[in-house]
2 protein chains.
Amino acid sequence: MPRRTNTRERLITTAAELFWRQGYAQTGVNEIMQQAKTTSGSFYHFFPTKDDLLLAVVDHVADILETDVFGPSEERTTDPFERILAVMEASRRHLVEHDFSLGSPLGSLAAEISESHPAVRQRIAGLFEQWIDRIRGYFSEAGNRLPAGIDRDGLARFALSILEGAILQARVERNLAAFDASVAELRRHFQLLEQPGAFERRRETPTQPSAQPETTTADWRAW
Amino acid sequence: MPRRTNTRERLITTAAELFWRQGYAQTGVNEIMQQAKTTSGSFYHFFPTKDDLLLAVVDHVADILETDVFGPSEERTTDPFERILAVMEASRRHLVEHDFSLGSPLGSLAAEISESHPAVRQRIAGLFEQWIDRIRGYFSEAGNRLPAGIDRDGLARFALSILEGAILQARVERNLAAFDASVAELRRHFQLLEQPGAFERRRETPTQPSAQPETTTADWRAW
DNA sequence: GTCTATACCCTGATAGAC
DNA sequence: GTCTATCAGGGTATAGAC
């Protein structure tokens with residue numbers, strides 16, 4: 001079924017950018033329609049509700065991330081560590097190019113709708129897992145450059161934490177200090193792991209929540 | 001001037017929790033008023049607009065973070081590395097206690113209003129800087145347990161990235177896999193840095209964006 | 001300082017012609 | 001598939017008595 005118009009695509013791509021920049025709740029359907037140069041009739045022809053558009057946007061972003069970030073980064077180099085660093089480099093360029101107005105493609109959206117839209121939250125969680133699998137794949141290819149018995153899955157989640165946190169800081173502070181420092185330190189982490197004899201002792205690396213956290217004196221009030 | 005009522009405080013604390021859980025835009029003043037058991041007249045007596053309440057909330061959250069997180073974590077231990085890890089432990093407990101419904105106290109809020117509320121964004125950026133100063137202070141106390149010439153400021157920003165990213169992942173995935181892995185890997189990073197001879201070579205640790213990024217093939221479309 | 005009542009706009013969504 | 005016109009409801013904010 002060849003589509004005759006691209007209105008649906010236009011709605012998705014403009015909504016993606018607006019949600020990304022200003023969030024879901026802050027973006028009205030009117031704004032989307034105007035910017036996509038279409039009208040109410042078309043909008044609701046394709047999407048029964050605004051929430052349905054959101055779901056389509058999430059899928060679209062996942063596609064773009066694949067073809068424009070992960071794909072090129074993997075083509076660029078075969079070195080496992082450089083591959084994940086290339087993903088970060090792509091994020092960095094994106095921050096700069098858009099003057100820090102765009103954060104993580106799904107990160108802030110995920111946080112925003114985490115409570116109100118369980119289905120979307122789950123969808124995004126699945127995407128996070130995909131990326132983690134992917135990055136873990138890089139680390140698997142690293143073979144014995146990494147210490148034996150290291151938790152590659154955990155290392156992938158660690159890298160994703162750094163990326164998301166670094167983007168957030170860059171966006172809030174509107175500079176690259178935290179981003180560059182984070183990438184530099186991750187790079188050093190890889191180097192340290194590669195050093196012979198880097199991993200001679202200890203054996204505690206709780207990746208799965210095997211038990212409840214040890215009690216802490218830190219006590220957050222009910223704010 | 002002794003205040004006769006605590007209405008103002010009630011508004012701030014309930015708004016803080018609601019903004020934290022569901023975001024700013026998603027939270028209506030009606031909802032805040034109801035939950036704080038007050039009415040429109042009182043609300044606008046204390047806060048000319050909803051935005052003014054937001055600013056008060058940010059300041060309040062900063063206070064709580066100081067007294068309930070950083071303070072206790074510092075009293076708990078004098079070991080510099082354990083201090084930052086104690087902050088993470090406090091965040092972890094908080095995630096669990098609230099079933100992952102609450103993320104970073106200011107992180108997601110910052111992302112949400114980053115574009116629409118420049119003044120608030122700047123205020124939060126200032127708080128981030130404060131925390132970084134604080135954490136850098138820990139690393140300064142670490143003295144020669146850290147390699148000479150290491151970028152302690154960068155290390156602090158790195159730690160904050162990990163914390164923010166780990167909280168985000170935990171909230172989206174609704175489990176602690178990424179959080180625990182991130183903390184474990186950060187702990188290992190500290191251990192590796194402490195190892196004698198961990199830092200014998202290389203000299204490239206760009207913290208300040210000294211130059212433009214190297215060109216990359218990764219190309220994000222204009223979505 | 002707190003209450004009730006209400007203004008008024010913008011939002012997501014619908015109706016129906018073309 | 002796209003248009004115009006419109007609705008119902010909830011949003012922030014105001015008015016004025018107490």
Side-chain angles (χ1 to χ4, degrees), chain A residues 1-58 60 109 112-121, chain B residues 1-58 60 108-109 112-113 115-121:
Chain A
M1 56 301 215
R3 52 187 172 356
R4 285 170 179 75
T5 69
N6 67 343
T7 307
R8 194 187 130 94
E9 281 68 21
R10 259 171 26 238
L11 282 167
I12 291 176
T13 51
T14 66
E17 165 138 22
L18 288 169
F19 292 168
W20 194 3
R21 189 185 306 268
Q22 349 174 308
Y24 179 69
Q26 292 259 4
T27 305
V29 294
N30 282 312
E31 192 177 2
I32 299 170
M33 280 158 25
Q34 275 177 250
Q35 201 151 319
K37 297 204 201 310
T38 186
T39 54
S40 175
S42 286
F43 184 104
Y44 288 99
H45 171 72
F46 292 111
F47 304 102
T49 74
K50 189 187 171 190
D51 282 11
D52 291 293
L53 173 60
L54 173 58
L55 224 21
V57 163
V58 170
H60 173 251
L109 195 62
E112 181 187 353
I113 53 78
S114 169
E115 290 303 295
S116 52
H117 295 69
V120 181
R121 198 220 84 234
Chain B
M1 54 302 216
R3 53 189 173 353
R4 285 169 179 78
T5 67
N6 66 344
T7 307
R8 195 187 130 92
E9 282 69 19
R10 264 177 15 244
L11 282 167
I12 292 176
T13 52
T14 67
E17 164 138 20
L18 288 169
F19 291 169
W20 195 3
R21 190 185 305 271
Q22 355 175 301
Y24 179 69
Q26 291 261 2
T27 304
V29 294
N30 282 313
E31 192 178 1
I32 299 170
M33 280 158 25
Q34 275 177 253
Q35 200 151 319
K37 295 202 201 315
T38 186
T39 55
S40 174
S42 287
F43 184 104
Y44 288 99
H45 170 72
F46 291 111
F47 304 103
T49 74
K50 189 188 171 189
D51 282 12
D52 291 292
L53 173 60
L54 174 58
L55 223 22
V57 162
V58 170
H60 172 252
S108 40
L109 196 61
E112 181 188 353
I113 54 78
E115 289 304 295
S116 51
H117 295 70
V120 181
R121 199 220 84 234

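Order of the sequence lines sets the chain letters (A, B, ...), proteins ahead of strands, with each chain counted from 1.
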(message) Just the rounded figure in Å: distance from P of C:dG1 to CG of B:L11.
(response) 12 Å

Let me have the donor-acceptor pairs involving side chains of residues 28-39 of chain B, under 3.5 Å, with sequence neighbours excluded, atom names and distances please.
| unit_1 | atom_1 | unit_2 | atom_2 | d |
| --- | --- | --- | --- | --- |
| B:E31 | OE2 | B:Q22 | NE2 | 3.3 |
| B:T38 | OG1 | B:S42 | OG | 3.3 |

(request) Please report the closest heavy-atom contact between A:T5 and A:E9, naming both atoms and the distance. (result) O-OE1, 4.1 Å

(message) Rounding to an integer number of Å, can you tell me how far B:Q26 CD sits from D:dT12 C1'?
(response) 16 Å

(request) Measure the distance from CD on B:E9 to P on C:dG1 and round it to the nearest whole Å. (result) 10 Å

(message) For A:A25, is there any backbone N or O sitting under 3.5 Å from a side-chain donor or acceptor partner on A:E112?
(response) yes

(request) Using the test side chain to side chain donor-acceptor pair (under 3.5 Å), find all partners of B:R121 that sit at least two apart in sequence or belong to another chain. (result) none

(message) In this structure, how many angstroms lie between the C1' atom of D:dG1 and the CG atom of A:N6, rounded?
(response) 12 Å

(request) Using a 4.0 Å heavy-atom cut-off, write out nucleotides 4-15 of chain C from 5' to 3' as B (base contacted by protein), S (sugar-phosphate only) or - (no contact). (result) BB-----SBBB-

(message) Side chains of B:Y24 and B:D51: any donor to acceptor distance under 3.5 Å?
(response) yes

(request) Look at B:T38 and C:dT2 and indicate whether a side-chain polar atom (N or O) is within less than 4.0 Å of OP1 or OP2. (result) no

(message) I need the CD-P distance between B:Q34 and C:dC3, as an integer number of Å.
(response) 13 Å

(message) If I take atom CZ in residue B:R8 and atom P in nucleotide C:dT2, what distance separates them, rounded to the nearest angstrom?
(response) 12 Å

(message) I want to check something: taking the side chain as every heavy atom from C-beta on, are B:V57 and B:W20 in contact at a cut-off of under 4.5 Å?
(response) no

